[in-house]
Enquirer: 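Before I ask anything, let me first share the structure, which is written out below as structure tokens.
Just follow the structure's listing: the first ligand is 1, and inside any ligand the first atom is 1. Numbering starts at 1 and runs along the sequence shown.
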Amino acid sequence: MAAPDFLNEAQVERFKRDGFLLINNFYDIEEDILPVCKGVYDLTRLVAADYAPHLQIPPFAFNDFDAGYRQLIAFDRRLGGVVYDAIKQLPAFIRLLADKRHEDLVARLRKSEVAGIAGGSYGIRIDNPGEAKFNTHWHNDYFAHLRSRSGLVLWASLVPLTPEMGPVILAAGSHREPDLKLRKLGGVGDISAMSYQELSSTFEIDGLDRILAKYPQAVPMAQPGDLLLIDFNTIHCSGENLSSRARWSMQMRWFSFDDESGRAIKWSGSFASGVDFRKVHPEMIINE
Ligand SMILES: O=C(O)CCC(=O)C(=O)O
């Protein structure tokens with residue numbers, strides 16, 4: 001298939017080598033990004049109207065769409081959770097998730113003729129300053145979402161990232177690490193009751209320090225409109241937000257239906273869809 005014109009051969013090669021690729025100005029700010037920010041703003045205003053009517057939410061401004069959200073969580077942090085759960089259902093976000101350009105990327109980078117969107121495996125992270133407890137630990141998205149090893153995370157920021165905001169940290173080239181195994185930390189019981197975050201920190205990649213020492217770390221500084229592509233097998237984690245603004249970022253996950261690895265597991269989901277990963281891949285777990 002011919003490369004879509006937003007992706008040249010050198011970029012395809014870099015993606016294959018590093019297991020990630022930052023594409024600058026992939027999205028149209030007005031068409032693609034602003035409507036999502038406006039949706040976040042509108043939902044924040046609704047939540048404020050119902051649960052914090054005394055707050056004076058300022059008018060919408062793209063560059064500071066979350067000014068009202070900051071007021072909301074300063075008043076009651078739990079209201080931030082209401083916004084977080086709601087925003088992944090915004091039509092502007094779902095339209096972007098299913099964008100044809102994403103399908104073309106999967107076809108090109110994953111050699112797929114039948115692409116899929118991992119159901120329930122998409123959302124908008126809000127990494128507030130001082131809330132490192134919600135950070136993801138070193139993991140890859142195959143473990144957390146399954147479907148197929150031939151998958152792509154499409155990661156895009158809604159705010160201009162700075163190093164202080166703790167952007168996602170990637171172990172460049174770690175998608176080529178063979179035979180990754182996972183070790184359960186501690187005597188955890190019922191994993192079906194755990195959140196995604198808890199689960200990602202319940203299992204650790206076996207030999208993590210040794211593996212991380214092999215790969216240089218990269219921290220792409222995406223700006224609104226940029227797209228960061230991450231191979232499902234690339235090991236990565238959240239950085240720590242030491243700034244004064246929340247780090248808002250979209251995660252959209254696509255995969256290849258036609259890849260053998262997905263067909264072998266009937267495209268099963270993982271923890272993020274309530275499936276116990278250990279039942280699908282017992283050979284990847286080290287039980288002591
Ligand atoms: O944006 C981040 O902090 C990392 C997100 C991540 O690792 C994930 O959602 O799998």
Enquirer: For D231, which of K16, H175, R110 qualifies under side chain to side chain donor-acceptor pair (under 3.5 Å)?
Expert: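 Exactly one option meets the side chain to side chain donor-acceptor pair (under 3.5 Å) with D231, and it is R110.
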
Enquirer: Using a 4.0 Å cutoff against the non-hydrogen atoms of R253, which atoms of ligand 1 qualify?
Expert: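 This gives 8 (C), 9 (O), 10 (O) as the contact atoms.
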
Enquirer: Below a 4.0 angstrom heavy-atom separation, can you tell me which part of M250, side chain or backbone, both or neither, approaches ligand 1?
Expert: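 Neither part.
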
Enquirer: Indicate yes or no: at least one non-hydrogen side-chain atom of R125 is less than 4.5 angstrom from one of S238.
Expert: yes

Enquirer: Number the atoms of ligand 1 from 1 as they appear, then name those within less than 4.0 Å of a heavy atom of D141, with their elements.
Expert: 10 (O)

Enquirer: Applying a heavy-atom cut-off of 4.0 Å, say which part of N135 lies close to ligand 1: side chain, backbone, both or neither.
Expert: neither

Enquirer: For the residue pair Y27 and H102, is the inter-centroid distance of their aromatic rings smaller than 6.0 Å?
Expert: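 Here the rings of H102 and Y27 have centres that are less than 6.0 Å from each other.
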
Enquirer: Just to be sure I'm reading this right: ignoring hydrogens, which of S238, A144, G166 gets closest to atom 4 (C) of ligand 1? Compare them by their nearest heavy atoms.
Expert: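 Answer by nearest heavy atom: S238.
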
Enquirer: Are D259 and R263 ion-paired here, with the side-chain N under 4.0 Å from a carboxylate O?
Expert: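 Looking at D259 and R263, the cut-off is not met.
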
Enquirer: Run S270 and H145 through side chain to side chain donor-acceptor pair (under 3.5 Å) and show every step you take.
Expert: CA-CA 5 Å; S270 185; H145 300 276; over 6 Å; no

Enquirer: Nearest non-hydrogen atom to atom 5 (C) of ligand 1 belongs to which of R125, H137, H145, R247?
Expert: R125

